[in-house]
Amino acid sequence: MSEIYEDVIGYLREKSKLLSEVEKITDSMAVVPQEELLGCTEKRGKLVDEIKIIDDKLREFAGMDNDIRSVLNNSCEKDDLTPELSKVYIEVLAVNAVLNRINSNDNVIKNRIEYEREKILNKIQVFNQGGEAATQRYYKSIHGTGGLTTVNVSRDIKI
């Protein structure tokens, strides 16, 4: 097998492995406590950064070999591939399978994050209303329910 094909297969397997980790994290985000969502998102982001590096390397290989490019872009006919390219094609299919599973779960995760966001906004709103009401009660207790009462406090207190 050509060395370039072996390298591409190695990168595709690494990408598939990283995507599987992203998939596990994505699946867990549907059920983890709200406090853990940020950590999951950060882990996913780090893995995606690693995947981008692999994608850059795969683009380099695609630039060197038209056959590799057509296999990586899924713009080839499976029946026309050499046995070496068929192995690359199988790895591309494995990567695409994981990507499809992740994409199918993304809406669930987006909805979960939106739900948690709304809960937090509601808590903030309730807190702000509670704080405003407490301020009004305090103001009324100091100044009475009638008009404003002036309180004379000397700033020149000597001890």
Checklist entry - In terms of hydrophobic clustering (I, L, V, M, F, W, Y; side-chain heavy atoms under 4.5 Å; direct or indirect links), are Leu72 and Ile90 co-clustered? => result no
Checklist entry - With hydrophobic residues grouped by side-chain heavy-atom distances under 4.5 Å, do Val8 and Met64 end up in a single group? => result yes
Checklist entry - Do NZ/NE/NH1/NH2 and the carboxylate oxygens of Asp56 and Arg59 come within less than 4.0 Å? => result yes
Checklist entry - Hey, mind stepping through Thr82 and Asp67 against side chain to side chain contact (heavy atoms under 4.5 Å, CB included) and telling me if it holds? => result CA-CA 10 Å; Thr82 65; Asp67 292 332; over 6 Å; no
Checklist entry - Got a salt bridge between Lys119 and Glu116, using NZ or NE/NH1/NH2 to carboxylate O under 4.0 Å? => result yes
Checklist entry - Heavy atoms, side chains only, cut-off 4.5 Å: are Ile51 and Val22 in contact? => result yes
Next on the checklist: Just so I know, are the side chains of Asp27 and Ile109 near enough to count as touching, which here means a heavy-atom distance under 4.5 Å?
Outcome noted: no
Checklist entry - Passes side chain to side chain contact (heavy atoms under 4.5 Å, CB included), Glu91 versus Val95? Steps please. => result CA-CA 6 Å; Glu91 295 301 326; Val95 166; 5.7 Å; no
Checklist entry - At what distance, to the nearest 0.5 angstrom, does CG of Leu93 lie from CG of Asn74? => result 6.5 Å
Next on the checklist: Nearest 0.5 angstrom please: Glu50 CD to Lys17 NZ, how far?
Outcome noted: 9.0 Å
Item to check | Straight-line distance of Lys15 NZ to Ser20 OG, nearest 0.5 Å | outcome: 12.0 Å
Next on the checklist: If I take atom CG from residue Asp80 and atom CG from residue Leu85, how far apart are they, to the nearest 0.5 angstrom?
Outcome noted: 11.0 Å
Checklist entry - Are any non-hydrogen side-chain atoms of Leu12 and Ile54 less than 4.5 angstrom apart? => result no
Item to check | Main-chain N/O of Ile25 paired to Ser28 side chain as donor or acceptor, under 3.5 Å | outcome: yes
Checklist entry - At what distance, to the nearest 0.5 angstrom, does CD of Glu14 lie from CD1 of Ile53? => result 11.0 Å
Checklist entry - Counting distance only, does the side-chain N/O of Arg112 pair as donor-acceptor with the main-chain N or O of Val32 below 3.5 Å? => result yes
Checklist entry - Any Lys/Arg nitrogen of Asp106 or Arg44 sitting under 4.0 Å from an Asp/Glu carboxylate oxygen of the other? => result yes
Checklist outcome for this item: Tightest non-hydrogen contact, residues Val71 and Leu81, listed as CG2-CD2, 3.8 Å
Checklist entry - Does Arg117 come within less than 4.0 Å of Glu114, counting only side-chain N to carboxylate O? => result yes
Item to check | Met29 and Thr41, any side-chain heavy atoms less than 4.5 Å apart | outcome: yes
Next on the checklist: Can a donor-acceptor pair be found, under 3.5 Å and without considering hydrogens, that links the side chain of Glu84 to the backbone of Tyr5?
Outcome noted: no
Checklist entry - How close do Asp65 and Ile68 get, heavy atom to heavy atom, and via which atoms? => result OD1-N, 3.0 Å
Next on the checklist: Counting only heavy atoms not in Glu118 (residues, nucleotides, ligands), do more than 12 fall under 6.0 Å from its CD?
Outcome noted: yes
Item to check | Interatomic distance, Phe61 atom CZ to Ile4 atom CD1 [nearest 0.5 angstrom] | outcome: 5.5 Å
Item to check | Audit row: Ile120, Gln34, side chain to side chain contact (heavy atoms under 4.5 Å, CB included) steps and yes/no | outcome: CA-CA 10 Å; Ile120 291 169; Gln34 178 261 327; 3.4 Å; yes
